[in-house]
Number of protein chains: 2
Amino acid sequence: MDRAISVKLSPALKASCHTCSLSNLCLPLAVEENQLDQLEDIVEQGRIYDRGDHLFDQDTPFRSCLAVRSGAVKTSIITENGSEQVTGFFLPGELVGLDSLSGERYACTAKALERTSVCKFPIEKLEELTSAMPELQHHMYQLMSREIQGSHQLAMLLSKNSAEERIAALLLSLSSRFQRRRMSGTKFNLPMARSDIANFLGLAVETVSRVFTRFQNQGIIRTQGREVELLDIESLRGVMPDFDRQSPPSPR
Amino acid sequence: MDRAISVKLSPALKASCHTCSLSNLCLPLAVEENQLDQLEDIVEQGRIYDRGDHLFDQDTPFRSCLAVRSGAVKTSIITENGSEQVTGFFLPGELVGLDSLSGERYACTAKALERTSVCKFPIEKLEELTSAMPELQHHMYQLMSREIQGSHQLAMLLSKNSAEERIAALLLSLSSRFQRRRMSGTKFNLPMARSDIANFLGLAVETVSRVFTRFQNQGIIRTQGREVELLDIESLRGVMPDFDRQSPPSPR
DNA sequence: CTACAAGCTTGATATGAATCAATCTGGGTA
DNA sequence: TACCCAGATTGATTCATATCAAGCTTGTAG
């Protein structure tokens, strides 16, 4: 799959965590400068995926966790009868595949929502490295634990909150995650379709659409297709009084 | 908190993983016989909790993960405005607190549903040990990953399935978990109140009650208070066509 | 430039489960 | 023993959101 055409090309395939702009969000976060080489040694530069491409498929052999470098990814589970549940959206610096560490096969399918590049961390090598680097192990525990918390928040959202509250929570989560990535937290493009939002939040597409227009009429947001502007973040927080500012509904 | 009355008593406080009947479900599962001593060295025997006692409270300093020895535990998150979301039920051999590894404080409250005893794994020591024992580290990753998957299954259940389907899924999950513990998978006592079930599954208590009686009228189950007998497991699976036999909605 | 399809919005109606309101039951206790 | 109270059940009504059914927009391939 990777174009390992010649030995000469292979250095280009290696990612440089040293120079990566995401090093304060991604795994390097937990690694000392002088140990960063060890992390670089195990990272594989993944290919570029176009919108709609699958990064990996549910039930195929589990090889690597992926860190999003650029673009955006959605993960979803598909059941026997074909119904889909979107389980998360991932932005640059976030690690995809933590739910698959328990088996031989991927527990979900990961799909690029836009043109996306990734870094791959082969699981055996990653486990070896975390054994050797307690800090990194600790960080992995943290990431996984946060993903559990995120799922619990999502479950809470799904079982206790109205359509408006769920959508407000999602917008706020995206907002803070974009902001942490030094992008605007008030004006951004939704990487996902309305139907993905609906599926993720357990709503019908029509409901999502209606809530968006309702928010727009109330002057809380402005939307134009996938472009969103949060005009009144406080009102948005007001819609969703329970929203824990620290824990977005999907993993960071 | 622990009654460390005299030096003489302290050996009694130490758990013996060697002789524990849950060793094939709990952490010892991942540890070689000859290394079990190292695990025993870090385990603390917890006290006995009565029904309703808190094993730990949300936002208090995070010290240990707890393995249920006997009894049953429910975990829940409580938001500022006081609303509760039950996030899981834990049976003997299951590890409570994995969602709290990411912070200084417990992310949820754990409450004994009946008379319960536990083993405590202090987190610093556990991390040290998993660094030293790749097998154990691997197992921790597995457990956490499964908990993520479980949460995703729960989210799916909440967003896609009807009240009947959710309850069927819970009963089937409990059934298979009891069975793995060598108890009857067809006749057991629900450790939790109807209101806990309702909260966990995002339903009103009344709805839970109604579904139970409907199932009973259909001859699928028989209930008497908290006692449940699954009379027709196949029908129960039929109610819930999507139910993944391998992954119960709450962590194992 | 046009046309088509996919995605999005809007409106009308149906419905599953919440809510409100009693009543019942059983286990613990005075 | 009888009482009490929390938990559980049952019934009547309401409501938020799904579903069904058109239109509308937009990006893109020809």
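Throughout, a chain's letter reflects where its sequence line sits, starting with A, and its residues are numbered from 1.
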Find the distance [X]:[atom1] to [N]:[atom2] and express it as a whole number of Å.
{"X": "B/Leu201", "N": "C/dG16", "atom1": "CG", "atom2": "C1'", "answer": "16 Å"}
{"X": "B/Asn189", "N": "C/dG27", "atom1": "CG", "atom2": "P", "answer": "12 Å"}
{"X": "A/Arg210", "N": "C/dT9", "atom1": "CZ", "atom2": "P", "answer": "11 Å"}
{"X": "B/Phe212", "N": "C/dT25", "atom1": "CZ", "atom2": "P", "answer": "19 Å"}
{"X": "B/Lys160", "N": "C/dG16", "atom1": "NZ", "atom2": "C1'", "answer": "17 Å"}
{"X": "A/Arg214", "N": "C/dT9", "atom1": "CZ", "atom2": "C1'", "answer": "13 Å"}
{"X": "B/Glu164", "N": "C/dT15", "atom1": "CD", "atom2": "P", "answer": "16 Å"}

(message) Over 60° means perpendicular and under 30° means parallel, so tell me whether B/Phe178 and B/Phe188 are parallel, tilted or perpendicular.
(response) tilted
(message) Against the six-membered ring of B/Phe212, is B/Arg194 placed for a cation-pi contact (under 6.0 Å from the centre, within 45° of the normal)?
(response) yes
(message) Can you confirm whether B/Phe89 sits close enough to B/Val73 that some side-chain heavy atom of one is under 4.5 Å from a side-chain heavy atom of the other?
(response) no
(message) Using the rule given for salt bridge (charged side-chain N to carboxylate O under 4.0 Å, His left out), can you reason through A/Glu229 versus A/Arg222, listing the C-alpha separation, both sets of side-chain angles and the distance that settles it, and then say yes or no?
(response) CA-CA 5 Å; A/Glu229 188 171 3; A/Arg222 202 191 52 69; 3.1 Å; yes
(request) Before giving the answer on salt bridge (charged side-chain N to carboxylate O under 4.0 Å, His left out), spell out for B/Glu114 and B/Arg226 the whole-Å C-alpha distance, their side-chain angles and the decisive distance to 0.1 Å. (result) CA-CA 12 Å; B/Glu114 48 191 60; B/Arg226 293 194 176 187; over 6 Å; no
Would you classify [X] as touching base, sugar-phosphate or nothing, given that sugar-phosphate means primed atoms plus P, OP1 and OP2, and contacts are heavy atoms under 4.0 Å?
{"X": "A/Arg226", "value": "sugar-phosphate"}
{"X": "A/Ala204", "value": "base"}
{"X": "A/Gln224", "value": "sugar-phosphate"}

(request) Could you check B/Met192 against A/Arg166 and say which one's nearest nucleotide on DNA chain D is further toward the 5' end? (result) B/Met192
(request) Name the residue closer to the 5' end of DNA chain D, choosing between A/Val208 and B/Glu206 according to the nucleotide with the nearest heavy atom. (result) B/Glu206
(message) Testing the 3.5 Å rule here: is there a donor-acceptor pair between the side chains of B/Thr87 and B/Thr75?
(response) yes
(message) Any donor-acceptor pair under 3.5 Å linking the side-chain atoms of A/Gln85 with those of A/Ser76?
(response) no
(message) It should be established whether B/Thr207 places a side-chain nitrogen or oxygen under 4.0 Å from OP1 or OP2 of nucleotide C/dG16.
(response) no
(message) Could you tell me the boundaries of the chain A footprint on DNA chain D, defined by atoms under 4.0 Å from its heavy atoms?
(response) D/dT17 to D/dT26
